[in-house]
Novice: 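One structure coming up, written as structure tokens, with questions to follow.
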Amino acid sequence: MRTSNLLLATLRDAPADAEIASHRLMLRAGMVRQLAAGIYTWLPLGLRVLRKVETIVRAEMDRAGAQEVLMPGVQPAELWQESGRWDKYGPELLRLQDRHQRHFCLGPTHEEIITDLVRREVRSYRQLPVNFYQIQNKFRDEIRPRFGIMRAREFLMKDAYSFHLNQESLQETYDLMYRTYSRIFDRIGLDYCAVLADTGNIGGSRSHEFHVLADSGEDRIVLTGKGGYAANIELTPAPAAGARPAATAVMAKVATAGKHTIDEVCGLLNTTPDKCLKTLIVVGKDGSPVALVLRGDHELNRVKAESLPSVRTPLAFAGAEVVRTSLGCSVGSLGPRGLNIPLYVDNAAAGVADFVCGANEEGFHLTGVNWGRDLAEPQVTDLRNICADEAAPDGKPARIARGIEVGHIFQLGTKYSEAMKAHCLDEAGRAVTLIMGCYGIGVSRVVAAAIEQNHDERGIIWPASIAPFQVALVPINMHKSERLRAAVESLYQELTAAGIEVLVDDRRERPGVMFADMELLGIPHRLVFSERGLDAGTLEYRTRRDTEDRAVPVAEALSFLRAQLISV
RNA sequence: CGGGGCAUAGCGCAGCCUGGUAGCGCACCAGCUUUGGGAGCUGGCUGUCGGGGGUUCGAAUCCCUCUGCCCCGACCA
């Protein structure tokens, strides 16, 4: 490819609203352009990368015996009503009507469609197990699309669905997919890990997420080292508290006017957050408030809270108004003592003696409060996120890292097959409900995640596996030298014939501009042509990560590059 | 959805408070000079100032309204 024939839409400045590195760089490098909130056009350069990821994913899925299909993006409401998700999915499901006022949605995922297909086409156990996959755009009307391609509303996903006669068969395919995903992310060359995960909206039992480790990740994962515990923090149990110390203080009410935050109250009362309890009011199943009590230095875990029977899903905090009218004071003065609403207390909060908490009276807190003496022994549960260095379930200290979820595999069980009556006959001729697994990879997100993990101040540094081009040829002042033009052209033909993807910068630009653009694009290898070099019979070579040039004899350029392409 | 912010040329921004008929940098086009790390000079193009309504002799500027985009959203519970 020649830059004269490529939409090289590089920008010196990124739009002001691009927050994270991958978003800025994808815009600056001319990979994508935003059309609407969370909706992007892929430009030629970006599409090359996206296709690279897709190709690797497809090859490994095929290798694992999965069969590719392509399902519709627009899906009839009937199937979603049949599975029960038409009502449960919520506003993330973009619904629309056709000219006959029939209801449809844009597919955020395809369990219903594949289950419908399989119940029609698969009749016998002899056809099982099967695993169908597709690589297709999905649409999820996210509350808040952000970070560019990372959390877009329309995005490219590989989704696969497997069907089985029994749990053992599902487990086999699940394990195979686990290995396949590992191969995929190994091949792409990302620093990733697989962790135990919550099943969320899709449903099912066992599941693993694959995370690319990066500080900009929206998820937090708990790790205890190689081969140890690895899970999303959402479902990592926090360790139980030790025995509660004996009460020593006398309960007292103190004026704390104007002090609402844990830190403010600690400052005033000369204590620390771990001696304070905070009381969060969330919306209950029936709409009435429910109190959750945590230690002042701990964080509420959303998934754990949502698993409480009397808490409404999705978790929502009660509004300030509701709190004031139903509980008689503002949120900064709440405490568990004397609250006559359902009260759930975190393990750690239940283990504190002589604690500080709000008095449920505007401008007052209580000190020296003790469970079982000043208020009833609490109903104890695990409500919080585990903290760094606390004991993980395997007993080792937890390390907490940030991750970008790029893959997720689930054992769905019979959630969809039962609701949609997907059966087939077993060896004895009995109708058996199929058992399902499902396996997703955010293909477009992988592109963004790769950039998050591989960039510097000058631009993107692509892993070779997904770079849009392997080699950039940069001629200096080519318009002045026919000899130089001929040398570039000759090597370009030679490399192309050898199957190497080359981008020749044939623009009549100054060297600085070409260097800067090629580095922004993140092309792994660069060869610079100059009159000076040709006089010496050499080209200058450097990789995207180098800062020094190496002289390479023109005649050896091809063999040299071949060797480099293998080693890098 | 709640809270906040922004909307002026392709991108980044100023002008708005205090109303007087739109500007800067980059990009783009032409020419000349340059040519090893985002060149210099000269000349040029580019705007329904997000849409609609109102106030006014006059609105980018003040008021109302709609739309779009962005940020934040337990840790004040």
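Letters A, B, ... are given to chains in the order of the sequence lines, protein chains preceding strands, and every chain is numbered from 1.
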Novice: Considering only nitrogen or oxygen atoms on both sides, find all protein atoms under 3.5 Å from nucleotides 12-15 of chain B and state each distance.
Specialist:
unit_1: B/G12; atom_1: OP1; unit_2: A/Ala16; atom_2: N; d: 3.1

Novice: Is it true that A/Tyr40 and A/Ser444 share a donor-acceptor pair across their side chains at a distance under 3.5 Å?
Specialist: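 The answer is no; no qualifying pair exists.
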Novice: Would you please say whether a donor-acceptor pair under 3.5 Å links the side chains of A/Arg545 and A/Asn454?
Specialist: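 Result is yes, a qualifying pair exists.
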Novice: Rounded to whole Å, how long is the line connecting atom CG of A/Leu308 with atom P of B/A74?
Specialist: 18 Å
Novice: Using the C1' atom in both, what is the distance from B/G50 to B/A7, to the nearest Å?
Specialist: 6 Å
Novice: Just call it for A/Asp517: base, sugar-phosphate, or nothing, with non-hydrogen atoms closer than 4.0 Å on any strand.
Specialist: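 Counting heavy atoms under 4.0 Å across all strands, the contact made by A/Asp517 includes a base.
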Novice: By a strict heavy-atom criterion of less than 4.0 Å, which residues belonging to residues 473-489 of chain A are in contact with RNA chain B?
Specialist: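 Contacting residues: A/Ile476, A/Asn477, A/His479, A/Lys480.
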Novice: Which residue is it: A/Val528, A/Val471, A/Leu561? I am looking for the one with a side chain to side chain contact (heavy atoms under 4.5 Å, CB included) to A/Tyr541.
Specialist: A/Leu561
Novice: RNA chain B: A/Gln34 or A/His298, which has the more 5' nearest nucleotide?
Specialist: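 Nearer the 5' end of the strand: A/Gln34.
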Novice: Below 4.0 angstrom, N of the basic side chain to O of the carboxylate: do A/Arg153 and A/Asp141 qualify?
Specialist: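 Judged by the 4.0 Å cut-off on N to carboxylate O distance, A/Arg153 and A/Asp141 do form a salt bridge.
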Novice: By nearest atom, which of the nucleotides B/U34, B/G73, B/G38 is closest to the A/Arg510 side chain?
Specialist: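 The listed nucleotide nearest to A/Arg510's side chain is B/U34.
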Novice: Thinking salt bridges, do A/Glu218 and A/Arg146 make one under a 4.0 Å N-O criterion?
Specialist: yes
Novice: With a 3.5 Å cut-off and no angle check, do the side chains of A/Asn301 and A/Glu234 form a donor-acceptor pair?
Specialist: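 Checked: A/Asn301/A/Glu234 side chains show no N/O donor-acceptor pair below 3.5 Å.
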Novice: Can you find a side chain N or O atom of A/Arg146 that sits less than 4.0 Å from OP1 or OP2 on B/C70?
Specialist: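 False: A/Arg146 side-chain N/O out of range (4.0 Å or more) of B/C70 OP1/OP2.
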Novice: Check every atom of B/G36, B/G37, B/C70 against the side chain of A/Asp549 and return the nucleotide holding the closest atom.
Specialist: B/G36
Novice: For A/Arg526, answer base if it contacts any base atom (sugar-phosphate contacts may also be present), sugar-phosphate if it contacts only those atoms, and nothing otherwise; contact means non-hydrogen atoms under 4.0 Å.
Specialist: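 The residue A/Arg526 makes base contact.
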Novice: Rounded to whole angstrom units, what separation is found between the CG atom of A/Leu8 and the C1' atom of B/G10?
Specialist: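 Atom CG in A/Leu8 sits about 15 Å away from atom C1' in B/G10.
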Novice: The side chain of A/Arg144 is closest to which nucleotide in this list: B/G36, B/C71, B/A74?
Specialist: B/C71
Novice: Is it true that the side chains of A/Asp263 and A/Thr261 contain a donor and an acceptor less than 3.5 Å apart?
Specialist: no
Novice: Could you check which of B/G37, B/A39, B/C69 has an atom nearest any side-chain atom of A/Val513?
Specialist: B/A39
Novice: Please determine if A/Lys138 and A/Glu154 form a salt bridge, counting it only when a charged side-chain N lies under 4.0 Å from a carboxylate O.
Specialist: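 A/Glu154 and A/Lys138: not salt-bridged.
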Novice: Tell me whether the OP1 or OP2 atom of B/G36 has a side-chain N or O from A/Arg532 closer than 4.0 Å.
Specialist: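 Answer no for this pair, as no side-chain N or O of A/Arg532 is under 4.0 Å from OP1 or OP2.
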Novice: Rounded to whole angstroms, how far apart are CD on A/Glu142 and P on B/C70?
Specialist: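 Whole-Å distance recorded here is 13 Å.
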Novice: Within 45 degrees of the axis of the six-membered ring of A/Phe469 and under 6.0 Å from its centre: does A/Arg48 put its NZ or CZ there?
Specialist: yes
Novice: Using a heavy-atom cut-off of under 4.0 Å over every strand shown, decide if A/Arg24 touches base, sugar-phosphate, or nothing.
Specialist: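 It contacts nothing in the nucleic acid.
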Novice: Between the base of B/G36 and the side chain of A/Glu540, is there a donor and acceptor pair under 3.5 angstrom?
Specialist: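 Answer is yes: a donor-acceptor pair is held.
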Novice: Can you tell me the base-pairing partner of B/A74? Count Watson-Crick or G-U wobble geometry only, both distances below 3.5 Å, and say none if there is no partner.
Specialist: none
Novice: Scan side-chain atoms only and decide if A/Thr543 and A/His525 contain a donor-acceptor pair under the 3.5 Å cut-off.
Specialist: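 Judged by distance alone, the side chains do not pair up.
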Novice: Of the nucleotides B/A74, B/U35, B/C69, which has the atom closest to the A/Arg508 side chain?
Specialist: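 Closest nucleotide among those given: B/U35.
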Novice: Pick the closest RNA chain B nucleotide for A/Thr261 and for A/Leu35 by heavy atoms, then say which residue is nearer the 5' end.
Specialist: A/Leu35
Novice: If I pick the C1' atom on B/C16 and the same atom on B/U35, what distance separates them, to the nearest angstrom?
Specialist: 44 Å
Novice: Between A/Arg542 and A/Asp549, is the closest basic N to carboxylate O distance under 4.0 Å?
Specialist: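 Here A/Asp549 pairs with A/Arg542 in a salt bridge, since their nearest N and O are under 4.0 Å apart.
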Novice: So if I take every side-chain heavy atom of A/Arg458 and compare against B/G37, B/G36, B/A39, which nucleotide ends up nearest?
Specialist: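 The answer is B/G37, which lies nearest to the side chain.
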Novice: Could you give the CD-to-C1' distance, from A/Glu92 to B/C1, as a whole number of Å?
Specialist: 13 Å
Novice: With distance as the sole criterion, do the side chain of A/Arg28 and the base of B/G38 form a donor-acceptor contact below 3.5 Å?
Specialist: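 Yes, the side chain and the base share a sub-3.5 Å donor-acceptor pair.
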Novice: Just compare B/G38, B/G37, B/C71 and give me whichever is closest to any side-chain atom of A/Glu19.
Specialist: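 Closest of the options to the side chain of A/Glu19: B/C71.
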